[in-house]
Amino acid sequence: MGEKIKYVLYLALFMPLAWLPLPVLYLISDGLCFIFHRCLHYRAKVIRENLATSFPEKSADEIARIEKEFYRQLSDNIVESIKLLSIRTSSIRRRVIVENAALVEEAAATGAPVFLYLGHFCNWEWVPSITLHFKSPEVTAQIYKPLRDHAFDRLMLRIRSRFNALNIPQSKAFRTLLGLSRKGSFIVGILDDHSPNHSRSRHFMNFLNHPGTIINVGAEEIGNRLNARYLYLDVEKLKRGHYRLTFKPIEPTEADGESYPVSHAYMRMLEATIRRQPPYWLWSHKRWRYTLPDPQQTQSDTSPQTTKSE
């Protein structure tokens, strides 16, 4: 009963905000940005360290400008996500341009599952609106990590289901995707750019000037078992509240190696996206929580010992 009451309270708080026009919500976002950046200094140490180590060629002033714009985007993400509770389809069509959607239909026509890799870049909560731009496959899914607050998790699932996406908990990903594959083609969104849940991965690469970046390969393992087709979603911010999403094939090169080449190629493509518009990645995340003490090791080596950063 307590969780139901909390859920109703969350709705009572957020629904009135959701009905406000976006220009008004962006005024609220400006206030949130000031609070996060100037008052709370939200994860400021993590953000500055991530930016400084990822872009050693940039001056202190440039890093400061990126940091400021990051806080603005973070605040915009909050109000834009709330707006999903009420936004009209016609409005989201105007604000989210999708290119190369034919690649999805071509992949679906083979009957294979489509694994769509993307990053925590710009507003990933608006990404499910891509379903407005292709007819096949009919089933669209995304994998998510449930929140500890069950009532708020229920609210987020309502937001993330705005365009009829099937939300799959991480713990049930393989079993659910296997069941879907038996029924035909589907597309599933994969956000695999954060730090792995453990420090014992054998797979790493140079990512954003961090040679010992440990990468996630679980999605590729599942995709290979399901004979999936792999695509990347390149996200670009055009202006406030307007984004361009471009489907691109993931085509590994020899440099990506023989072991999990799709995962390496995805991270390489994501790095290009981030370098094009640095402020819009989720820099507040401790991406390099685990680092390799000897970055000169290769993937063929035995599993390296990792050190956990503070």
Side-chain angles (χ1 to χ4, degrees), residues 25-81 117-127 145 147-148 191-199 201 204-216 234-241 243 266-296 304 306-310:
L25 286 175
Y26 285 133
L27 291 177
I28 296 174
S29 175
D30 291 340
L32 289 175
C33 178
F34 179 81
I35 292 172
F36 286 147
H37 189 198
R38 299 300 183 183
C39 300
L40 299 179
H41 305 289
Y42 174 71
R43 294 201 171 188
K45 182 178 179 181
V46 173
I47 295 166
R48 290 168 188 168
E49 181 178 354
N50 282 344
L51 288 172
T53 54
S54 296
F55 304 108
E57 73 281 4
K58 295 187 181 298
S59 67
D61 287 342
E62 289 176 303
I63 294 296
R65 284 194 293 270
I66 294 173
E67 177 187 334
K68 181 179 179 180
E69 189 61 27
F70 162 77
Y71 279 109
R72 179 180 293 275
Q73 182 63 43
L74 178 66
S75 302
D76 282 358
N77 284 355
I78 294 173
V79 299
E80 289 175 359
S81 297
Y117 282 81
L118 62 148
H120 289 86
F121 192 83
C122 289
N123 191 342
W124 54 94
E125 300 293 357
W126 279 20
V127 166
K145 184 177 181 180
L147 303 175
R148 293 180 181 178
L191 288 101
D192 241 0
D193 53 340
H194 275 186
S195 179
N197 293 328
H198 56 82
S199 61
S201 173
F204 57 93
M205 65 183 293
N206 189 338
F207 177 68
L208 289 172
N209 199 48
H210 294 79
T213 300
I214 300 174
I215 64 172
N216 293 288
D234 186 24
V235 181
E236 180 182 1
K237 184 171 182 176
L238 303 177
K239 60 181 179 179
R240 200 173 200 183
Y243 306 98
Y266 151 63
M267 294 293 285
R268 176 169 47 78
M269 296 173 79
L270 175 63
E271 179 171 352
T273 297
I274 295 170
R275 289 190 178 279
R276 184 180 62 218
Q277 293 184 312
Y280 305 137
W281 194 46
L282 192 60
W283 294 103
S284 55
H285 178 70
K286 294 183 178 180
R287 179 57 180 91
W288 293 280
R289 181 178 301 168
Y290 299 105
T291 57
L292 284 166
D294 182 9
Q296 299 302 317
T306 57
T307 57
K308 186 173 181 179
S309 61
E310 297 299 331

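None of these values were measured; they are calculated from a predicted model. We number each residue from 1, following the sequence as shown. Computed over heavy atoms, backbone and side chain alike; hydrogens, waters and symmetry mates excluded.
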message: Testing the basics here: between V235 and T273, what is the closest heavy-atom pair and its distance to 0.1 Å?
response: O-CG2, 3.5 Å
query: If you measure only the distance, is there a donor-acceptor pair under 3.5 Å linking the side chains of N50 and W281?
result: no
query: So, the side chain of Y266 versus the backbone of L118: is there a donor-acceptor pair under 3.5 Å, distance only?
result: yes
message: For R275 and E271: C-alpha separation, side-chain torsions, deciding distance, then whether salt bridge (Lys or Arg N to Asp or Glu O under 4.0 Å) applies.
response: CA-CA 6 Å; R275 289 190 178 279; E271 179 171 352; 2.9 Å; yes
message: I'd like to check V127 versus Y243 (side-chain heavy atoms, cut-off strictly below 4.5 Å). Are they in contact?
response: no
query: Has the side chain of R287 got a donor or acceptor atom that lies under 3.5 Å from a matching backbone atom of D193?
result: yes
- request: Please report the closest heavy-atom contact between Y71 and H41, naming both atoms and the distance.
  value: OH-C, 4.0 Å
- request: Kindly give the heavy-atom pair with the smallest separation between S284 and V46, and that separation in Å.
  value: O-CG1, 3.7 Å
query: Is a side-chain donor-acceptor pair under 3.5 Å present for S195 with W288?
result: no
query: Who passes salt bridge (Lys or Arg N to Asp or Glu O under 4.0 Å) against R43, sequence neighbours left out?
result: none
task: State, with a plain yes or no, whether a side-chain heavy atom of E57 is found less than 4.5 Å away from one of N209.
output: no
- prompt: Are the side chain of Q277 and the backbone N or O of K237 linked by a donor-acceptor pair below 3.5 Å?
  reply: yes
query: Hey, what do you get for CG (N123) to CG (L74), rounding to the nearest 0.5 Å?
result: 10.0 Å
task: Give, for atom CD1 of I63 and atom CD1 of I47, the distance between the pair rounded to the nearest 0.5 Å.
output: 12.0 Å
- prompt: Roughly how far apart are T213 OG1 and L208 CG, rounded to 0.5 Å?
  reply: 7.5 Å
Note, S29 side chain near I78 side chain (heavy atom, < 4.5 Å): no
statement: Here the pair of heavy atoms bringing N77 nearest to C122 is ND2-O, 3.0 Å
statement: By side-chain contact (heavy atoms from CB on, under 4.5 Å), H194 pairs with (sequence neighbours left out) H120, L282, H285
message: With heavy-atom distances below 4.5 Å as the criterion, would you say the side chains of E67 and H37 are in contact?
response: yes
query: How long is the gap from CZ on F36 to CZ on R72, to the nearest 0.5 Å?
result: 13.5 Å
- prompt: Below 4.5 Å, heavy atoms only, C-beta onward: do F207 and I274 meet side chain to side chain?
  reply: yes
- prompt: Nearest 0.5 Å, what's the CG-CH2 distance between L191 and W124?
  reply: 8.0 Å
- request: Taking all heavy atoms of W283 and all of F70, pick out the closest pair and write down the distance.
  value: N-CE1, 3.5 Å
Gap separating the CG atom of L32 from the SG atom of C39, nearest 0.5 angstrom: 11.0 Å
For the student: nearest non-hydrogen atoms of I66 and P278, plus distance: CD1-CB, 3.9 Å
message: Can you confirm whether M269 sits close enough to D234 that some side-chain heavy atom of one is under 4.5 Å from a side-chain heavy atom of the other?
response: no
